[in-house]
Each structure stands twice: as structure tokens, then as C-alpha cells.
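Encoded as C-alpha cells, the structure appears first; notes follow it.
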Amino acid sequence: MKDQHFKDFFWNSDLTCTSGYDAIIQYLNDGRRTCKEVEEFMKARASVEEKYAKDLLGLSKKVCGHNEMNTLKRSLDMFKLQTEHVSLTHSQLAHSMREEAKKLEDFRERQREARKKVEQQMDFLHKQKSAHFKKTMDSKKTYDQKCRDKEEADQNMNRNANTNNTKQMDKLYSKAQSAKQTAEEADRVYHQNVTIMGSIRDEWLAEHINACEMFENQATERITFLRNTLWTHLNQLSQQCVTSDELYEEVRKSLELCDVQEDIGHIINLRRTGEKPPPPVTYDNFYSGQRPPALSPPPRLPPPIGRRGPLPLPTNNGEDIIYSTVQDGVYSVIKY
């Protein structure tokens, strides 16, 4: 496709019309507004990254696995450490974004200053062109009117050429000569204004072409700069993802070294209390002659409640006193 340029497509048949130029200026103003919007977007995104970094940093300082031990403790410490590192990378990312936004702001201001000079020159030429065009058209109207007056004076003189009134003929002749001189002067002024208008038009044409080329270069630079800025912005975001993954990979490596059995063995060796369980609680019959060694009950625990066994049979060795009851309700002691 053949390259197209501003200078070939923004003309008007009306010399005083500026719609083509105005269309270019409107496009440049819209482009400047786009730069401002992208700049504000990047500043807002930097603020998001700064807040996220601050929150992550605060989160990395919170207690997490304080009472844990051994390999899992090391993994949790690595997890918090890398979370802190990720927060720092997001803070750096926010700083980079603000630098890119500042570059875009400086670029926008440079273009505005460069445009300002050209626009001022074009505004001056547009006003000059319009004013002199009006002056030229007014001189043309005057010239046309004076030519008509001359023609009318010549016709009056010709119509009265056969009159015998010398005084009347001298008056008509004098009027015709005056009209001729006035027409010639109007022609000179009109011709002069057209010549000046031609010079002004040539100057305006050259400046319009230069302005179109300059504005087209600015549009090209702006599109290229915005495209590169967004490309850099996305590269920064992608690099942040890669960096975060590398930091998280350190945590994953630490988790790979987390040994469940080693941690179980560590807590056993550190806080072991014994290898034998307590013996079972045995029944101790109060009337049994052979009593097992007394065992002290667990502290603060009541003795177990169990059902008593059958009452033992009494024995009579001849010396014991036997107690019995009688029907009359009176107790007696009988010794056999």
C-alpha cells in the first residue's frame, strides 16, 4: 500500500476555509489526550503496585509457624522471606512504572511546545490570509463598480456626440475621463491586492505543507512512543511474574526438603517422656492375705470403683466368741 501523507489530503477549494487544518489539529489534540490518559493509567497502576507491596510486606511480618520446628519451620521461614522479597519487587515495579509515566509526560510536553510555535505561525497566516482576501474581494467590487461607471460615462458621451451643446459635451467628456481615471486606479489597487494575495497564498501554502509534515512526524512519533511505552509496561509485568515465580521456586525447593518423618523424629527426641506405658490398675482385696504392692493412684484421680466380691466364710478356732440373736430381742453372749 502506498504511503499516505497529511499534506496530500487536507486541502479545501475555498481559500479562507481551514477545515483541513482544523481536522489535523483535532487529531493531534485527541492524541495528546490519549497520552495523558495512558500516563494517568500507569500512575494509577503504580499506586496499586505500591499498595500491594506494602500489604505484602506487612503480611510477611506476621507470625506464621512461630512454634513450628525443624524442616517445616525452615520452609515456613523461607515462605515469609520470599513473600517479603516479592513485596520488594512489586515496590520496584511501581517505581519503574512511575519512571515510564514521567517519560510519557515529558514527551507530551515536548510535543506541545514544538506544536505551539507552528500553530502560532499558522494562526497568523490564516488571519492574514482571511483579512487580505476580504480586502482583495472588496477592491474587486470597487473595481467592477468603477468599470461600470466608466462604461456608463462613455455611453452617455457617445449618445450625445452629435449635440451642438459644447458645454454639455465638455461636461460629459470630463465625466468620462474622471470615470476612466477612477476605474484605472481601482484596477491598479485590485491588481495590487491580487498580487499581494498571491504572495500571501504562496507563503501560506508552504507553511501549511511544512505544518502538515511536522504534525505527521509528531503523530508518527506519538504512536511509536505509546506503542513502545505499552510494550515496556507489559514486559515489566511479565518480568514481575517471572521474578515472583523464581522467588516462589525457592519456597518450593525448601518444601521439597521438608521431611515428615524427620520432623516427627525431631519432636520425639526433643520432648520424649518415656518408652513404657503405665501398668494396669489391679484389684486389691482388703481381705486377701496376699496383697500386691500398693500402687499410688494417679494424682487428683479418685480410686476406681469396682464391685466387691462375695463375703468370706467365717472360721471357728474355739477361742472366738460367737454372736447370735434371740427371738425376744435381748442380746446374749454364749460361749461354747
So NE2 of His208 and CD of Gln121: to nearest 0.5 Å the spacing works out to 14.0 Å
Carboxylate-amine/guanidinium proximity below 4.0 Å for Glu109 and Arg32
yes
Are Met197 and Trp11 connected in the hydrophobic side-chain network, where two residues link if heavy atoms are under 4.5 Å apart?
yes
Consider only side-chain heavy atoms of I, L, V, M, F, W and Y, link residues closer than 4.5 Å, and tell whether Ile209 and Leu28 are in one cluster.
yes
Counting only heavy atoms not in Phe107 (residues, nucleotides, ligands), do more than 12 fall under 6.0 Å from its CZ?
yes
Report yes if the side chains of Arg188 and His191 come closer than 4.5 Å at any heavy-atom pair, otherwise no.
no
Can you see whether Asp259 engages Thr71 through a side-chain donor-acceptor pair at a distance of less than 3.5 angstrom?
no
Considering all heavy atoms, the nearest Arg271-Met69 contact
NH2-CE, 2.9 Å
Kindly assign one of parallel, tilted or perpendicular to the pair Phe10 and Phe6, based on the angle between their ring planes and the thresholds 30° and 60°.
perpendicular
ILVMFWY cluster, Leu125 and Leu15 together (side-chain gap under 4.5 Å)
yes
Evaluate the criterion salt bridge (charged side-chain N to carboxylate O under 4.0 Å, His left out) for residue pair Lys103 and Glu100; output intermediate values, then yes/no.
CA-CA 5 Å; Lys103 292 178 183 178; Glu100 291 299 319; 3.4 Å; yes
Return yes when atom NZ of Lys180 has more than 12 non-hydrogen atoms of other residues, nucleotides or ligands closer than 6.0 Å, and no otherwise.
no
State, with a plain yes or no, whether a side-chain heavy atom of Leu237 is found less than 4.5 Å away from one of Arg45.
yes
Shortest non-hydrogen contact between Leu76 and Gly65, atoms and distance:
CD1-CA, 3.7 Å
Which pair of heavy atoms, one from Ala53 and one from Ser87, lies closest together, and at what distance?
CB-O, 3.2 Å
Check whether any side-chain heavy atom of Phe79 sits under 4.5 Å from a side-chain heavy atom of Leu255, and report yes or no.
no
Hey, any chance Val48 and Leu230 share a hydrophobic cluster, counting ILVMFWY side chains that come within less than 4.5 Å of each other, even indirectly?
no
If you round to the nearest 0.5 Å, how far is NZ of Lys54 from CG of Leu57?
10.0 Å
Run the side chain to side chain contact (heavy atoms under 4.5 Å, CB included) check on Asn29 and Arg115 step by step: do they pass?
CA-CA 10 Å; Asn29 289 336; Arg115 276 180 52 193; 2.8 Å; yes
Taking the six-membered ring of Tyr27 as reference, does the cationic atom of Arg222 (NZ for Lys, CZ for Arg) lie under 6.0 Å from its centre and within 45° of its axis?
yes
Side chains of Gln236 and Gln239: closer than 4.5 Å at any heavy-atom pair?
no
Any Lys/Arg nitrogen of Glu113 or Lys116 sitting under 4.0 Å from an Asp/Glu carboxylate oxygen of the other?
no
Are the charged groups of Arg148 and Glu151 less than 4.0 angstrom apart, N to O?
no
Distance from Met214 atom CE to Ile24 atom CD1, nearest 0.5 Å?
12.0 Å
Let me see the working for Glu256 and Ser75 under side chain to side chain contact (heavy atoms under 4.5 Å, CB included), right down to the final yes or no.
CA-CA 9 Å; Glu256 289 175 352; Ser75 295; over 6 Å; no
Carboxylate-amine/guanidinium proximity below 4.0 Å for Lys127 and Asp123
no
Polar side chain donor-acceptor pair, Asn217 to Glu221, under 3.5 angstrom:
no
Can you measure from NZ (Lys171) to CG (Asn156) and round to the nearest 0.5 angstrom?
11.0 Å
Does Asp187 reach the main-chain N or O of Ala183 with its side chain, forming a donor-acceptor pair under 3.5 Å?
no
Would Met97 and Leu56 show up in the same hydrophobic cluster when neighbours are defined by side-chain heavy atoms closer than 4.5 Å?
no
So do Lys73 and Cys258 actually touch side chain to side chain, heavy atoms under 4.5 Å?
no
Smallest separation among heavy atoms of Ser60 and Lys80, with atom names:
O-CE, 3.1 Å
Please determine whether the number of non-hydrogen atoms from other residues, nucleotides or ligands lying under 6.0 Å from atom CZ of Arg201 exceeds 12.
no
Salt bridge flag under 4.0 Å for residues Lys61 and Glu84:
yes
So, Gln240 and Ser244: side-chain donor and acceptor under 3.5 Å apart, yes or no?
yes
Check the angle between the aromatic planes of Phe41 and His233 and answer parallel, tilted or perpendicular using the 30° and 60° thresholds.
perpendicular
Checking Leu247 against Val251 for the side chain to side chain contact (heavy atoms under 4.5 Å, CB included) test, could you report, in this order, the C-alpha distance in whole Å, the side-chain angles of both residues, the deciding distance, and whether it holds?
CA-CA 7 Å; Leu247 295 174; Val251 182; over 6 Å; no
Whether Arg110 and Asp106 form a salt bridge (side-chain N of Lys/Arg under 4.0 Å from carboxylate O of Asp/Glu) is what I want to check.
no
Shortest non-hydrogen contact between Ala46 and Ala94, atoms and distance:
O-CB, 3.4 Å
So, the side chain of Ser178 versus the backbone of Lys175: is there a donor-acceptor pair under 3.5 Å, distance only?
no
Could you check whether any side-chain heavy atom of Lys150 comes within less than 4.5 Å of a side-chain heavy atom of Thr182, counting everything from C-beta outward?
no
Using 30° and 60° as the class limits, which term best fits the ring planes of Tyr190 and Tyr143: parallel, tilted or perpendicular?
parallel
Is it true that a side-chain atom of Gln128 and a backbone atom of Ile200 form a donor plus acceptor pair closer than 3.5 Å?
no
So CD1 of Ile268 and CG of Asp263: to nearest 0.5 Å the spacing works out to 11.0 Å
Heavy-atom side-chain contact between Asp245 and Arg252 under 4.5 Å:
yes
Does the side chain of Thr34 reach to within under 4.5 Å of the side chain of Leu226, using non-hydrogen atoms?
yes
Between Arg33 and Asp30, is there a side-chain N and carboxylate O pair less than 4.0 Å apart?
yes
Once you round to the nearest 0.5 Å, how far does CD1 of Ile25 lie from CZ of Phe215?
4.0 Å
Taking atom types as modelled and ignoring hydrogens, do the side chains of Asp149 and Gln145 form a donor-acceptor contact shorter than 3.5 angstrom?
yes
Any chance NE2 of His95 has more than 12 other-residue heavy atoms, nucleotides or ligands included, within less than 6.0 Å?
no
Check Thr16 against Lys129 and note the closest heavy-atom contact, atom names and distance.
CA-NZ, 3.7 Å
